[in-house]
Amino acid sequence: MRIAIGGMAIESSQFCPHRSTYDDFRVTRGADLLGRYAWTGPDGGFGTDVEWVPLVHAVALPGGPVERDTYDRLKSELVTRIREAGPLDGLVFDIHGAMSVTGLDDAEADLAEAVRDALGPDALISAAMDLHGNVSRRFADRLDLLTAHRLAPHEDAWETRERAARTLVGRLVSGKGRPYRAWVQVPVLLPGEKTSTRLEPAKSLYGRLAAVEALDGIVDAAVWVGYAWADEERCRAAVVVTGDDPDLALAQARSLAQEYWDARRDFVFVGPTGDADTCIARAVASPARPFLISDSGDNPTAGGAGDLAYMLGRLLAHEDLASGRVTALHPGITDPAAVAACFEAGVGTRVTLKVGGHISAGTGPHAEPYGLTGTVTALRDPAAPAPGTPRGNPAYDGGGRSAAVTCGGVTAVLTERRTPFHTRADFEPLDPTAYDIVVVKIGYLEPELYAMAADWLLALTPGGVDQDLLRLGHRRVARPLYPFDDAGFEDPDLTPVLL
């Protein structure tokens, strides 16, 4: 069997002023692309039954909408490589599901239609997706198999891709071909920080999926919570149950959708919350060290610009932090000009900078640059990893240079590029556990941060991925939609459609 691998993966906040360009994507082809996946090698468990055909894969750190010329360029290469690959039995379609493209609605559906046209009607397409993707009927119609992560945080991201590949190979080996897909959307749109599978009700809902998949006649079961920071009709939760028994698939999809709808008001933030000043005051007063705070509204791994200095200003507005009686580490504010100034000054030099607000300028008072005077305490200039270097998410590699500037008890880490801080290694050369408080631009804590935190608060800060959806200004989502509409919202028709 000849099975191709390719796709384009990013989640894009339409409330973020950042625009994602070609340079934001890590594009892999050939052996580097096959090297992303452990199961494409000789020890991957597929033996000689499969010839893996690498096409092109592009992945980027979440951000603002993708520029149309970038999307068209990557789409054109993917389609051209499919046409030039020769006969293909299938495709592992490695995508995210929450890509927005300037001037285009339902980008994944547009991409899936182009891929289907290039492959022809007989090859099977198996999509591996993030559970924060959106699944429109137009999109699902073009696919044969689709599955999503079952954990948030996404500790099963690579397992999801392998499941998509193994399910595809299984269909081809068995000769059963295209299964039925029972598809239904649920009129609920929640931020990921309210749908972590560490907590109920998501824990039990997602915990059901393996048992549904194990039923005789079922191939896969998936639930998507949707992507809350885009403003399109497709943005809402969705359920797809795939199987050879159409009645059973419909029944299970209906049951999962009903369970999601019934639990809509039970979803809560993954941790205790407050505004910036409340969270800072509680962290300062707490004996727990290090105390972590999520600057959730500017989280670059959800699509935020990552350049807001709002939290830095609030930290230094607290007397204990400004005086140095309490210490705090706050990475990473994107500001290439400030980083360059720090490198020019050198470690130990006192600098005065206008920090942040370059990407987000004009979006509100929270986006104003912050006047920071402090001492350069660390500089980092890592070499970018070679293409294909395996890591948890290759899109997050090569964040460029960074500089640490200390003012009072607060050390701000400024970065050249939008950079997440998810692991201990991301903080080098600084030790986050040496500070009383660590404020990270993130939503729910990734596993290493979760293990590090003696205590934790989720700050409901402004930005392009504001957790308070009602103050963002959605205008194009299909209504009624929870939580935008609640009182008087009649129970929706959750009857699945068989595709």
Side-chain angles (χ1 to χ4, degrees), residues 8-21 24-25 58-68 70-71 95-108 129-134 136 152 154 189-195 224-237 294-308 310-311 332-334 356-364 366-367 393 395-396 417-420 422 440-444 458-477 481 483-484:
M8 184 176 178
I10 184 174
E11 57 183 344
S12 316
S13 169
Q14 292 178 321
F15 300 98
C16 175
H18 174 263
R19 292 295 178 266
S20 300
T21 68
D24 290 309
F25 283 85
V59 59
L61 186 71
V66 180
E67 292 284 10
R68 184 61 182 267
T70 294
Y71 170 74
I95 61 175
H96 182 285
M99 174 169 59
S100 295
V101 176
T102 54
L104 186 67
D105 278 343
D106 203 345
E108 271 84 11
M129 300 177 64
D130 191 299
L131 64 84
H132 296 123
N134 299 300
S136 67
H154 306 319
L189 185 63
L190 298 172
E193 281 64 34
K194 277 193 171 182
T195 53
W224 288 262
V225 303
Y227 182 67
W229 298 291
D231 191 13
E232 301 178 20
E233 287 189 9
R234 63 177 176 147
C235 297
R236 55 187 50 217
S294 292
D295 179 10
S296 65
D298 195 35
N299 173 14
T301 56
D307 76 327
L308 297 181
Y310 174 80
M311 277 296 288
I333 304 169
T334 306
H358 300 292
I359 299 170
S360 302
T363 60
H366 63 277
N393 189 331
Y396 298 171
R417 301 181 63 183
R418 299 169 60 252
T419 308
H422 286 179
V440 185
K441 290 183 180 293
I442 198 171
Y444 51 64
L458 180 74
L460 303 180
T461 51
V465 288
D466 194 329
Q467 298 292 318
D468 187 347
L469 302 186
L470 302 187
R471 66 186 180 190
L472 278 173
H474 289 75
R475 292 181 175 85
R476 301 181 63 240
V477 290
L481 179 68
F484 304 93

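As the structure is a prediction and not an experimental result, all values here were calculated from the model.
Residues Val66 and Ile10 form a side-chain contact, since some pair of their non-hydrogen atoms from C-beta on lies under 4.5 Å apart. Side chains of Met8 and Met99 form a contact here, defined as non-hydrogen atoms less than 4.5 Å apart. Two residues are said to be in side-chain contact when any heavy atoms from C-beta on lie closer than 4.5 Å; Leu469 and Phe484 meet this criterion. Arg19 has its side chain out of reach of Thr70: every pair of non-hydrogen atoms, C-beta onward, lies at least 4.5 Å apart. Using a 4.5 Å heavy-atom threshold, the side chains of Tyr71 and Thr102 count as separate.
A pairwise comparison of heavy atoms in Thr461 and Tyr310 identifies CG2-CE2, 4.1 Å as the closest pair. Nearest heavy-atom pair across Pro462 and Leu308 is O-CD1, 3.7 Å. The minimum heavy-atom distance linking Pro65 with Ser13 is given by the pair CD-O, 3.2 Å. Scanning both residues, Arg418 and Thr334, for their nearest heavy atoms gives CA-OG1, 3.4 Å. The shortest non-hydrogen separation linking Gly64 to Ser20 is O-OG, 2.9 Å. In terms of heavy atoms, Leu131 sits closest to Ala152 at CD2-CB, 4.2 Å.
In terms of modelled atom types and a separation under 3.5 Å, the side chain of His474 and the main chain of Ala228 share a donor-acceptor contact. Within the 3.5 Å criterion, the main-chain N or O of Tyr444 finds no donor-acceptor partner in the side chain of Ser294. No side-chain donor-acceptor contact under 3.5 Å links Asn299 to the backbone of Ser296. The closest donor-acceptor contact from the side chain of Asp466 to the backbone of Leu460 lies at 3.5 Å or more, if one exists at all. Side-chain atoms of Thr419 come within 3.5 Å of backbone N or O of Arg417 as a donor-acceptor pair. Side-chain atoms of Ser12 come within 3.5 Å of backbone atoms of Ser100 as a donor-acceptor pair (strictly under, hydrogens ignored). Between the Asp130 side chain and the His96 main chain, no donor and acceptor come within less than 3.5 Å of each other.
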Intermediate values then yes/no, side-chain contact (heavy atoms from CB on, under 4.5 Å), Ile442 and Asp295: CA-CA 6 Å; Ile442 198 171; Asp295 179 10; over 6 Å; no
Verdict with supporting geometry, Leu190 and Thr195, side-chain contact (heavy atoms from CB on, under 4.5 Å): CA-CA 7 Å; Leu190 298 172; Thr195 53; 4.0 Å; yes
Stepwise side-chain contact (heavy atoms from CB on, under 4.5 Å) test for Ile333 and Lys441: CA-CA 8 Å; Ile333 304 169; Lys441 290 183 180 293; 4.0 Å; yes
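Every ring-ring contact (aromatic ring centres under 6.0 Å, His included) that His132 has, sequence neighbours left out, goes to His154. For Ala305, the side chain to side chain contact (heavy atoms under 4.5 Å, CB included) criterion is met by Cys16, Asp298, Asp307, Ile359, Ser360, not counting sequence neighbours.
Note that the CD atom of Glu232 and the CD atom of Gln14 stand 4.5 Å from one another [nearest 0.5 Å]. Considering CZ of Arg236 and CG of Asn134, their distance stands at 10.0 Å, rounded to 0.5 Å. In this structure, the separation between CD1 on Ile95 and CE on Met129 is 4.5 Å, given to the nearest 0.5 Å.
Other residues, nucleotides and ligands place more than 12 heavy atoms under 6.0 Å from the CZ atom of Arg471. Open room surrounds CD on Glu233; 12 or fewer heavy atoms of other groups in view lie less than 6.0 Å from it.
Contacts classified as salt bridge (charged side-chain N to carboxylate O under 4.0 Å, His left out) and involving residues 96-106 (residues at least two apart or in different chains) are given here: Asp105-Arg476, Asp106-Arg234.
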